[in-house]
Amino acid sequence: QFRDAESAFAKYVVLQPKIGQGWAMIGLCEYRNKKLVSSLQNLAKARELGLGGNQELARVVRYHEALLLIRGLQFEAALKILEIFTLEHLESPTVLDAMGMAVLRIPEPPEGLTPEQREMVRQFGKAAFLGYEHKNSESLQLYEKLAETYRGKPNVSYALGTALVAQGENERAITRFKRELERDPKHLPALLQVALADISIRRFDEALEYATRAVMIDQGYFAGYYAQGRVYMYLNDLPHAIALLEKAGSLAPNSAPVFYTLAQAYQRANRPEDAARARAVFARLEDNEKNRKDEVNPERSTPAEKRPGSVVPPKF
């Protein structure tokens with residue numbers, strides 16, 4: 001009786017607005033009632049407030065928050081939340097399904113998968129789980145096997161490419177990302193990944209080409225400006241780099257890499273005060289990330305699911 005439960009918990013959070021469990025329960029009810037945006041907001045609020053050490057509820061909240069991020073096309077953000085299950089070594093079919101959907105960028109509810117899709121998704125989830133457990137050889141071996149089995153399907157080459165990047169094999173990763181772009185020339189994440197991999201091997205002209213293509217396709221895509229800004233910084237065109245990185249920061253105020261790079265650009269441009277401000281933002285975001293990973297540590301004095309910061313509602 002999720003509608004009645006939602007109404008009851010809505011009254012509860014008015015009376016006890018600082019109790020995370022109440023926000024968790026109303027968020028879970030809203031998920032069932034298909035109020036996706038408010039559900040995501042309230043589940044995130046629950047984790048910010050803390051869940052009083054209730055690890056079972058914390059895992060349920062975390063899982064549903066990840067599903068909502070997947071539905072909202074925020075696949076990388078979902079994987080960051082799901083990574084906590086690997087830190088706890090809590091492998092389960094539902095977690096593998098969620099990880100596989102995030103890796104393959106499938107913005108559907110798990111119950112909507114066909115049996116064939118579920119088999120593929122779960123196997124990719126297993127490959128991702130192994131990777132997050134730092135079982136790199138096993139993970140990459142499974143990814144490569146799956147890439148052959150499901151050759152030509154959307155995001156299969158992209159998923160293998162990201163696994164190769166994680167293991168420092170940038171040239172092989174670029175080949176996989178370009179194969180994804182052969183299937184879909186407007187695949188924004190693949191364009192960005194090629195640009196970033198090229199930057200890492202100091203192939204700046206090609207990196208700039210792919211980053212610019214990403215920006216031309218979607219001018220609201222922060223990562224394209226970020227990649228462009230990094231290229232111009234390494235080419236010592238600091239005014240251009242700073243303008244692009246500031247644009248990226250305005251579009252993605254919670255992206256630690258953007259502010260780290262922006263601080264570098266300010267420092268090179270002899271703007272120490274601006275560099276200090278950017279470093280302060282970076283430090284705050286990094287501290288938030290550390291808190292997220294520490295939430296599986298029962299020795300912490302802060303609530304088990306405490307995570308500062310806010311969630312911007314995705315595009316459902």
Begin with the C-alpha distance, continue with both residues' side-chain angles, and end with the deciding distance and a verdict on side chain to side chain contact (heavy atoms under 4.5 Å, CB included) for Val60 and Gln55.
-> CA-CA 9 Å; Val60 172; Gln55 288 295 323; over 6 Å; no
Residues passing the side chain to side chain contact (heavy atoms under 4.5 Å, CB included) test with Asp274, sequence neighbours excluded, are Tyr266, Arg271, Arg277
Tell me whether Tyr234 is reachable from Leu196 by hopping between hydrophobic residues (I, L, V, M, F, W, Y) whose side-chain heavy atoms are closer than 4.5 Å.
-> yes
Salt bridge (Lys or Arg N to Asp or Glu O under 4.0 Å) between Arg279 and Glu286, worked out = CA-CA 10 Å; Arg279 281 195 298 270; Glu286 281 289 284; over 6 Å; no
Interatomic distance, Asn42 atom CG to Lys35 atom NZ [nearest 0.5 angstrom] | 10.5 Å
State, yes or no, whether a side-chain contact exists between Thr175 and Glu171 at a heavy-atom distance under 4.5 Å.
-> no
Stepwise salt bridge (Lys or Arg N to Asp or Glu O under 4.0 Å) check, Lys153 with Glu116 = CA-CA 13 Å; Lys153 290 189 176 295; Glu116 294 78 13; over 6 Å; no
Can you check salt bridge (Lys or Arg N to Asp or Glu O under 4.0 Å) on Arg172 and Glu144, steps first, answer last?
-> CA-CA 12 Å; Arg172 289 181 63 199; Glu144 289 175 333; 2.4 Å; yes
Shortest non-hydrogen contact between Ser139 and Ala127, atoms and distance = OG-O, 2.8 Å
When you look at CZ of Arg268, are more than 12 heavy atoms from neighbouring residues, nucleotides or ligands closer to it than 6.0 Å?
-> yes
In terms of side-chain heavy atoms, does Asn54 have a donor or acceptor partner in Gln21 at a distance below 3.5 Å?
-> no
Heavy-atom closest pair (Leu57 atom, Ala24 atom, distance to 0.1 Å) is CD2-CB, 4.1 Å
Using a strict cut-off of less than 4.0 Å between a Lys/Arg side-chain nitrogen and an Asp/Glu carboxylate oxygen, indicate whether Glu169 and Arg176 qualify as a salt bridge.
-> no
Is there a donor-acceptor contact under 3.5 Å linking the side chains of Gln228 and Thr212?
-> yes
Stepwise, does the salt bridge (Lys or Arg N to Asp or Glu O under 4.0 Å) test hold for Glu6 with Arg32?
-> CA-CA 10 Å; Glu6 180 187 332; Arg32 293 288 187 169; over 6 Å; no
Please report the shortest heavy-atom distance between Glu206 and Val194, naming the atom on each side.
-> OE2-CG1, 4.0 Å
When rounded to the nearest 0.5 Å, the distance separating OH of Tyr143 from CG of Leu146 is 9.0 Å
State plainly whether one hydrophobic cluster holds both Ile217 and Phe222, where clusters connect Ile, Leu, Val, Met, Phe, Trp and Tyr through side-chain heavy atoms under 4.5 angstrom apart.
-> yes
Donor-acceptor contacts under 3.5 Å from residues 97-114 side chains, at least two apart:
unit_1, atom_1, unit_2, atom_2, d
Asp97, OD1, Arg122, NE, 2.8
Asp97, OD1, Arg122, NH2, 3.4
Asp97, OD2, Arg118, NH1, 2.9
Asp97, OD2, Arg122, NH2, 2.8
Arg105, NH1, Glu76, OE2, 2.8
Thr114, OG1, Gln117, N, 3.1
Thr114, OG1, Gln117, OE1, 3.4

Within a reach of under 6.0 Å around OH of Tyr150, are more than 12 heavy atoms found that belong to other residues, nucleotides or ligands?
-> yes
Determine the minimum heavy-atom distance between Leu251 and Gln219, stating which atoms define it.
-> CD1-O, 4.2 Å
Can you list every pair that meets ring pair (Phe, Tyr, Trp, His ring centres under 6.0 Å) and has a residue in residues 152-178, with sequence neighbours left out?
-> Tyr158-Phe177, Tyr158-His187
Arg213 meets the side chain to side chain contact (heavy atoms under 4.5 Å, CB included) criterion, sequence neighbours left out, with Leu191, Glu209, Tyr210
Would you please name every residue forming a side chain to side chain contact (heavy atoms under 4.5 Å, CB included) with Pro154, sequence neighbours left out?
-> Arg183
Do the side chains of Leu67 and Leu90 join up, straight or via other hydrophobic residues, at under 4.5 Å, putting them in one cluster?
-> yes
At their closest point, which heavy atom of Ile199 faces which heavy atom of Ala227, and how far apart are they?
-> CD1-O, 3.7 Å
Closest contact, heavy atoms only, Leu68 versus Ser39 | CD1-OG, 3.3 Å
Pairs satisfying ring pair (Phe, Tyr, Trp, His ring centres under 6.0 Å), at least one member in residues 3-60, at least two apart | Tyr31-His64
Roughly how far, to the nearest 0.5 Å, is CZ of Arg203 from CG of Asn170?
-> 9.0 Å
